[in-house]
Colleague: 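Below you will find the structure I want to go over with you.
FYI, the numbering just counts along the sequence from 1. Source: prediction; values computed, not measured.
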Amino acid sequence: MTSKIICNFGVVKSKLRIIVSILMLDVMIFMPSICFATRTDDSLLINRIWDFSRNYSEPVNGVEENLYLRYTFELQRRNPTLYLVPTMYTIAKGERDYIGESYCRIRYTTPSDYDLHRQVVCGTIPRNRFTMSAMVHYITPNIYGISIYPESILSPFHRSNRYYYKYRVMKGSNGQAVVRFRPRVNNTQLIRGSAVVNAQTGQVLSVSYDGEFDMLSFKVVTVMNQRIGHQMLPERSSIEAKFYFLGNKVVSRFSAVYNCPVTLPDSLDEQDSREMMDTLRPIPLRQMEKQLYLHYDSLRYQADTATVDTTAIHEGNKMKEILWDVIGDNLVNRIHANAGAFAMTISPILNPLYFGYSGSRGFSYRLNFGLQYTWNSHRYLTFNPGFGYNFKQRQFYYEAPLRMNYNPKRNGYAQICWANGNRINSGTLIEDIQQHMGPDFEVPEFKDEYVEIVNNVQAYDWLEIKSGLVYHHRHSTNKGLLRSLQLPEEYRSFAPSLTLRFTPWRHGPVLTANYEHSFPHVLKSNLSYDRWEVDAAQKIKLGSLRLLNWRAGFGLYTNRNSDYFVDYANFRDNNLPSGWEDEWTGQFQLLNSEWYNQSDYYLRSHLSLESPLLALGWTPLVGHFVETEMIYASLLSIQHTRLYSEVGYGFTNRYFSTGIFASFLNAKFQNFGCKFTIEIFRRW
């Protein structure tokens, strides 16, 4: 028995040794990634990388280069839902593999802000449409910025993001080192990879990384430019990305060569010529890419050698196909057209970004148009009407501003706008009617139509002045009821207004003061009042895409001849919000719509914090998909009620933005609600 126990103890001891050995091996492998960058030499190198853009780089504003782009698409799985994806309608049917090439002129403002002008194009994509245009951002990384791409992907090469990454440094030859980086948490805003770095200066010579963002999983390889004045820009870059959407799987590969030697005339605009591309192409085609062109040429040859009758039928079918392609393409893509001095833009008809839901306001949808006629760089005319519908209220909203911009440098413009506002009511009017009809009687609302004429100019760098006239016509949805109660069925106001906008600090708050005086008996005006409002707002960037927003203001009415229709400019309900950034900050989400029009004064304040990794983003599984989180609080004081407050939390991901809110009266719970907007393809 004793020997058996000793034998078992020996087995246990042997297993413990194996476990300890494995743990020690794990420590040897993973400890460098945690602690290696804290050693003196390696910490110096990491700090050199963080400081490189400050110590060695030069501004790239105005830098122009020739850019060659090559892109292929392999549709491994495809179904009809691919038609709904912006810019991908043209490859949603037909062949399974496509190739395209573009020779462009690129002009930088910053490494992540640039204009791209296609001069020569060719390929097998129908009508040479720029498919998956969002990929251009991924292939032009700003590795030294806070975010590698505009408002997405926190860069491991920026000091403010050091808390989100772990580093491991390995010495190389020729004064170079390899820096490996990985995220501390699995989140869509973070990447993992490695970089070859100049050990003396901290300049990143090349970098490769992979990540997942906005329905794309990608792997990027970039060689950075080493010329003086261009170190912040890439020299060569390639990306392989996989796109998944409702059973579709598309593999795309983009290659880019910057600073190509041949400069084409600026007047050249999207000329379709493979022969010219053959003379411009800086890197040869791979065998697979040549096969795509050969297959495409063979299909064209078969079509060209068809009989006359067959050709006529084919041409007729082709015209119908192009017509339906144009119609279908414009349902999901933004329509943009230029004709000399005239330009037109229409948002997609089936645009999920403009669908929204709020518990208090219901579902809403909006559609925007844009027209512009340009005389010269100092004078142009714009007409940007917007339309929307609120399904809960069953009301159609419209706004049609016509603006003449006569001094863009000073924001000088004259504008006339015709629109209808939110349906409103007056607390005093409700009380008057319910005295006759009973306390439970539902008082009909008033429709509001108005015309506003304003002129705006920036008198000084710190002062902007806007003056104008506004005429409101409010009429009841139940005129017969008001006639029977001997109450006016419509109210009109004619009011000159003056708005002063102060920006005395470069990075400080924006201050706004507004005054409006209504004259009775002008154009049948039957309202007289003086309205005063003061507002202050500021967005403070805290680093790592964190943003602190605050807003505060007050308003009051004086010299009123009627208690009806209090209608403030900065304190009003909005039934057609336009997404996460439009009205989620600076607005009350659960406030009863009648409260906006029941007080001679208001005092309000709002505070919100927006961050990509705040709370939910650190949690396993679910946190991987959370792009941005927001917490906010609001306070309101108005006449005849206790202090009102709201608190809320929200987050956004690749599919939607949502928020939950709670309201309180003097710290006593009042109401609970939510808000929802669709974010899918927001960046496409």
Colleague: Can you sort out the partners of Ala495 under side chain to side chain contact (heavy atoms under 4.5 Å, CB included), two or more places apart, ordered by chain and number?
Modeller: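 With sequence neighbours excluded, Ala495 shows a side chain to side chain contact (heavy atoms under 4.5 Å, CB included) to Val470, Glu516, Ser518, Tyr529, given in chain and number order.
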
Colleague: What donor-acceptor contacts under 3.5 angstrom involve side-chain atoms of residues 496-509, with partners at least two apart or in another chain?
Modeller:
from	atom 1	to	atom 2	distance (Å)
Thr499	OG1	Asn514	ND2	2.6
Thr503	OG1	Asp461	O	3.4

Colleague: So Glu64 and Tyr114, side-chain hydrogen bond (donor to acceptor under 3.5 Å, both in side chains) or not? Walk me through it.
Modeller: CA-CA 9 Å; Glu64 293 188 12; Tyr114 49 82; over 6 Å; no

Colleague: Quick one: pull up CZ in Phe571 and OH in Tyr601 and give me the separation to the nearest 0.5 Å.
Modeller: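 Atom-to-atom, Phe571:CZ and Tyr601:OH are 11.0 Å apart.
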
Colleague: Enter the distance from Ser608:OG to Leu547:CG here, rounded to the nearest 0.5 Å.
Modeller: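 The CG atom of Leu547 is 7.0 Å from OG of Ser608, to the nearest 0.5 Å.
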
Colleague: Regarding Ser663 and Asn671, do their side chains bring together a donor and an acceptor under 3.5 Å, going by distance alone?
Modeller: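 On atom types as modelled, these side chains do not qualify, holding no pair under 3.5 Å.
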
Colleague: Is there a donor-acceptor pair under 3.5 Å between the side chain of Ser525 and the backbone N or O of Phe519?
Modeller: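 Yes: the side chain of Ser525 pairs with the backbone of Phe519.
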
Colleague: Start with the C-alpha distance between Trp418 and Tyr398, add both sets of side-chain angles, then the distance that settles side-chain contact (heavy atoms from CB on, under 4.5 Å), and finish with yes or no.
Modeller: CA-CA 8 Å; Trp418 175 40; Tyr398 60 87; 3.7 Å; yes

Colleague: State whether Glu533 and Arg531 are salt-bridged, where the test is any N-O pair (Lys NZ or Arg NE/NH1/NH2 against Asp/Glu carboxylate O) under 4.0 Å.
Modeller: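 Looking at Arg531 together with Glu533, the answer is yes, because their closest N to O distance falls below 4.0 Å.
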
Colleague: Does the pair His606 and Ser634 meet the rule for a side-chain hydrogen bond (donor to acceptor under 3.5 Å, both in side chains), with working shown?
Modeller: CA-CA 4 Å; His606 307 269; Ser634 301; 2.8 Å; yes

Colleague: Looking only at the side chains, is there a donor atom on one of Glu464 and Asn411 sitting less than 3.5 Å from an acceptor on the other?
Modeller: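 The criterion, which ignores hydrogens and geometry beyond distance, is satisfied for Asn411 and Glu464.
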
Colleague: Salt-bridged, Arg107 to Asp266, with N to O below 4.0 Å?
Modeller: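 Answer for the salt bridge query: no.
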
Colleague: Measuring from His137:NE2 to Asp214:CG, what's the distance to the nearest 0.5 Å?
Modeller: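 One finds 11.0 Å between NE2 of His137 and CG of Asp214.
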
Colleague: Between Arg474 and Asp567, is a salt bridge (charged side-chain N to carboxylate O under 4.0 Å, His left out) present by the stated rule, with each step listed?
Modeller: CA-CA 11 Å; Arg474 301 177 179 92; Asp567 194 7; 2.9 Å; yes

Colleague: Please answer whether the main-chain N or O of Trp595 pairs with a side-chain N or O of Asn592 as donor and acceptor at a distance below 3.5 Å.
Modeller: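 Such a contact is absent between Asn592 side chain and Trp595 backbone.
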
Colleague: Could you check whether the rings of Trp462 and Tyr460 sit parallel, tilted or perpendicular, using 30° and 60° as the cut-offs?
Modeller: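 Ring orientation, 0 to 90° scale: parallel.
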
Colleague: Donor-acceptor pair, Ser544 side chain versus Arg546 backbone, under 3.5 Å?
Modeller: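 Absent.
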
Colleague: Does any N or O in the side chain of Thr641 come within less than 3.5 Å of the main-chain N or O of Ser637, such that one atom is a donor and the other an acceptor?
Modeller: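 No, because the side chain of Thr641 does not come within donor-acceptor range (under 3.5 Å) of the backbone of Ser637.
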
Colleague: Would you call Asp600 and Arg560 a salt bridge, using N to O less than 4.0 angstrom?
Modeller: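 So Asp600 pairs with Arg560 through a salt bridge.
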
Colleague: Would you please test Tyr397 and Asn420 for side-chain hydrogen bond (donor to acceptor under 3.5 Å, both in side chains) and show each step?
Modeller: CA-CA 6 Å; Tyr397 291 91; Asn420 69 335; over 6 Å; no

Colleague: To the nearest 0.5 Å, tell me how far Leu233 CG sits from Glu65 CD.
Modeller: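 It is 5.5 Å, given to the nearest 0.5 Å.
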
Colleague: Side chain of Gln119, backbone of Pro265: donor and acceptor closer than 3.5 Å?
Modeller: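 Answer holds: yes.
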
Colleague: How would you list all residue pairs meeting salt bridge (Lys or Arg N to Asp or Glu O under 4.0 Å) that involve residues 634-646, not counting sequence neighbours?
Modeller: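 Residue pairs passing salt bridge (Lys or Arg N to Asp or Glu O under 4.0 Å), neighbours aside: none found.
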
Colleague: Taking atom types as modelled, find out whether His473 and Glu490 have a side-chain donor-acceptor pair closer than 3.5 angstrom.
Modeller: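 The criterion, which ignores hydrogens and geometry beyond distance, is satisfied for Glu490 and His473.
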
Colleague: Among residues at least two apart in sequence or on other chains, which ones pass side chain to side chain contact (heavy atoms under 4.5 Å, CB included) with Asp115?
Modeller: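 Once residues adjacent in sequence are excluded, Asp115 has no partner under the side chain to side chain contact (heavy atoms under 4.5 Å, CB included) criterion.
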
Colleague: Which residues satisfy the side chain to side chain contact (heavy atoms under 4.5 Å, CB included) test with Asn405, sequence neighbours excluded?
Modeller: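 Asn405 satisfies side chain to side chain contact (heavy atoms under 4.5 Å, CB included) with Tyr380, Thr382, Arg403, Tyr413 only.
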
Colleague: Checking Tyr406 now: which residues fulfil side-chain hydrogen bond (donor to acceptor under 3.5 Å, both in side chains) with it, not counting sequence neighbours?
Modeller: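 With sequence neighbours excluded, Tyr406 shows a side-chain hydrogen bond (donor to acceptor under 3.5 Å, both in side chains) to Asn455, given in chain and number order.
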
